Protein chains: 2
Amino acid sequence: MSIGRPPSTTRDEIEAVALALFAERGFEATTVEDVAGAVGIGRRTLFRYFASKNDILWGDFDWVMERLREALAEGDELPLMEALRRGVVESNRYPDGQLPGLRTRMALITGTPALEAHSTLRYAAWRSVVAEWAGGRLGLPTDDLVPQTLAHASLGAAMAAFRRWVDHPDEDVSDLLDKSFRRLATGFAEP
Amino acid sequence: MSIGRPPSTTRDEIEAVALALFAERGFEATTVEDVAGAVGIGRRTLFRYFASKNDILWGDFDWVMERLREALAEGDELPLMEALRRGVVESNRYPDGQLPGLRTRMALITGTPALEAHSTLRYAAWRSVVAEWAGGRLGLPTDDLVPQTLAHASLGAAMAAFRRWVDHPDEDVSDLLDKSFRRLATGFAEP
DNA sequence: GACATTTTTGACACCGAGTGCTATAAGTCC
DNA sequence: GGACTTATAGCACTCGGTGTCAAAAATGTC
């Protein structure tokens, strides 16, 4: 196949092993060396697959954003806030099989201060997808206050929904997201 | 006065020295030892005044929240979103003399990934003030989706305004906050 | 099969943030 | 002066993260 020494593992494998350890012992109580040892690689090698311990939990976030971008583009004919709501809801639909893993991940993120803090950096990219889309639709520059506020507020709405979902497993993510964005669209008046 | 060895410095002094160093050399390039040395105390001692390097920049945040709580309570007779907007705007009014310092601080926070991430943790408390107030007004539990979404979205609106202010020094903070929250109240329709 | 080339690996040394522990400094009170 | 109280600073340690470099493991060529 390709030239050179073949990689001895994959991002996915490390992620899976790490997720299991984190869920079992806790994020802080698990050292990077523990994870590397469990995967069977050196600590230094793990840091070539992931930029930081925090980043291990954020698998393929680029893909999520690409999905969001496409989902937003589909609502071209709809009013702004309706397109936004549908875009966010649709881009966050997952097959039932993936939900438990997603929940574990989100529970770790929302329950670990270091991860919660780190998530801000990842979400910055998400916000800029929304801001660019909104700017385009409104004929405003991306850095204008309106698209920026909308992007920040949207992220807030999505986070509130996800957090609620983590704490209330019986409720439905898509439904929570939908409700959250409906409120946003009415300016928090009764719907 | 009080019994025991007197403290050799104060939080305010450390904060002032640190802010100057951070602004001059950058946050990452300044070590805790640099700050401690400049203040004339040991590294270990600095960590008794502040829980972490990140926390040095967040002086008296409890006071900000208390102010927000009071400002929100004052809008009892107003409609929800108007009370919210006024509360946030009023609790963020500063005398002109304090604005440059505030801007330096906000510029460091929004421009340094580690600080930006850390701010999330501080803002969680701010959000819960809003969520509790909103829950009370709406007759809903604090952890209900509506107050939570409102709190997250409010924080988003405030952050968008502050960030805009940092990048555009000529604009007025109060005015930006006001505009931001007006958009939120109309569900992002034309005002 | 020996050899050059390419890529990944992992060991080592190092830095900075943060913590537990402890002896000591610097006050007050009697 | 001595008992007591509180703050300080030094030390050793853990952990996350990085730079460097020799060795490992594959491919292709003669």
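By convention in this document, chain letters (A, B, ...) are assigned in the order of the sequence lines, proteins followed by strands, and residues within each chain are numbered from 1. Computed from a predicted model, the values in this text were never measured in an experiment.
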Whole angstrom value for the distance that separates [atom2] of [N] from [atom1] of [X]:
X	N	atom1	atom2	value
B:Phe47	D:dC15	CZ	P	17 Å
A:Ile3	C:dT9	CD1	P	16 Å
A:Leu46	D:dT18	CG	C1'	14 Å
B:Ile41	D:dT8	CD1	P	7 Å
A:Lys53	D:dT14	NZ	P	16 Å
A:Leu21	D:dC15	CG	P	15 Å
A:Glu28	D:dT14	CD	P	18 Å
B:Asp55	C:dA17	CG	P	14 Å

Select one nucleotide: of [options], the one nearest the side-chain heavy atoms of [X].
X	options	result
A:Tyr49	C:dC29, D:dG17, C:dT9	C:dT9
A:Arg43	D:dA7, D:dT18, C:dT9	D:dT18
B:Pro6	C:dA26, C:dG16, C:dC29	C:dA26
A:Arg5	C:dG27, D:dA24, C:dT6	D:dA24
A:Ser52	D:dA9, C:dT9, D:dG17	D:dG17

To the nearest 0.5 Å, tell me how far A:Leu99 CG sits from A:Tyr94 OH.
->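 Answer rounded to 0.5 Å: 9.5 Å.
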Spatial distance of atom CG (A:Leu46) from atom CD1 (A:Ile41) [nearest 0.5 Å] |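 With rounding to 0.5 Å, CG (A:Leu46) is 4.5 Å from CD1 (A:Ile41).
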Side-chain atoms of residues 101-108 of chain A: list all donor-acceptor pairs with protein atoms under 3.5 Å, sequence neighbours left out, distances to 0.1 Å.
{"from": "A:Arg103", "atom 1": "NH1", "to": "A:Trp165", "atom 2": "O", "distance (Å)": "3.0"}
{"from": "A:Arg103", "atom 1": "NH2", "to": "A:Pro169", "atom 2": "O", "distance (Å)": "3.2"}
{"from": "A:Thr104", "atom 1": "OG1", "to": "A:Pro100", "atom 2": "O", "distance (Å)": "2.9"}
{"from": "A:Arg105", "atom 1": "NH1", "to": "A:Glu15", "atom 2": "OE2", "distance (Å)": "2.4"}
{"from": "A:Arg105", "atom 1": "NH1", "to": "A:Leu57", "atom 2": "O", "distance (Å)": "3.2"}
{"from": "A:Arg105", "atom 1": "NH2", "to": "A:Glu15", "atom 2": "OE2", "distance (Å)": "3.3"}

May I ask you to check whether over 12 heavy atoms, not counting those of A:Glu66, lie within 6.0 Å of atom CD?
->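 Yes, because the 6.0 Å sphere around CD of A:Glu66 holds more than 12 heavy atoms from other groups.
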Looking at C:dG20, does its base get a donor-acceptor pair with the side chain of B:Arg44 below 3.5 Å?
->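 Between C:dG20 and B:Arg44, which were checked side chain against base, a qualifying N/O pair under 3.5 Å is present.
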Mark yes or no for a side-chain to base donor-acceptor pair under 3.5 Å between A:Arg48 and D:dG17, with no hydrogen or angle criteria applied.
->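 Checked by distance alone, the answer is no.
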Need one value for [X]: base, sugar-phosphate or nothing, where a base atom within 4.0 Å counts as base even if backbone is also close, heavy atoms only.
X	value
B:Phe50	nothing
B:Thr45	base
A:Gly42	sugar-phosphate

Nearest-nucleotide 5' precedence on DNA chain C, A:Gly4 against B:Phe27 |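 Whichever sits nearer the 5' end wins; that is A:Gly4.
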With ring-ring contact (aromatic ring centres under 6.0 Å, His included) as the test, would you mind laying out the steps for B:Trp126 and B:Tyr123 before giving the verdict?
-> CA-CA 5 Å; B:Trp126 192 93; B:Tyr123 290 143; 7.3 Å; no
OP1 or OP2 of D:dT8 under 4.0 Å from side-chain N/O of B:Ser8 =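 The answer is yes; a side-chain N or O of B:Ser8 sits under 4.0 Å from OP1 or OP2.
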Within the pair A:Thr31 and D:dC15, is there a side-chain N or O less than 4.0 Å away from OP1 or OP2?
->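 False: A:Thr31 side-chain N/O out of range (4.0 Å or more) of D:dC15 OP1/OP2.
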Shortest non-hydrogen separation from B:Trp133 to B:Leu72 and the atoms involved |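 Minimum heavy-atom contact is NE1-O, 3.5 Å.
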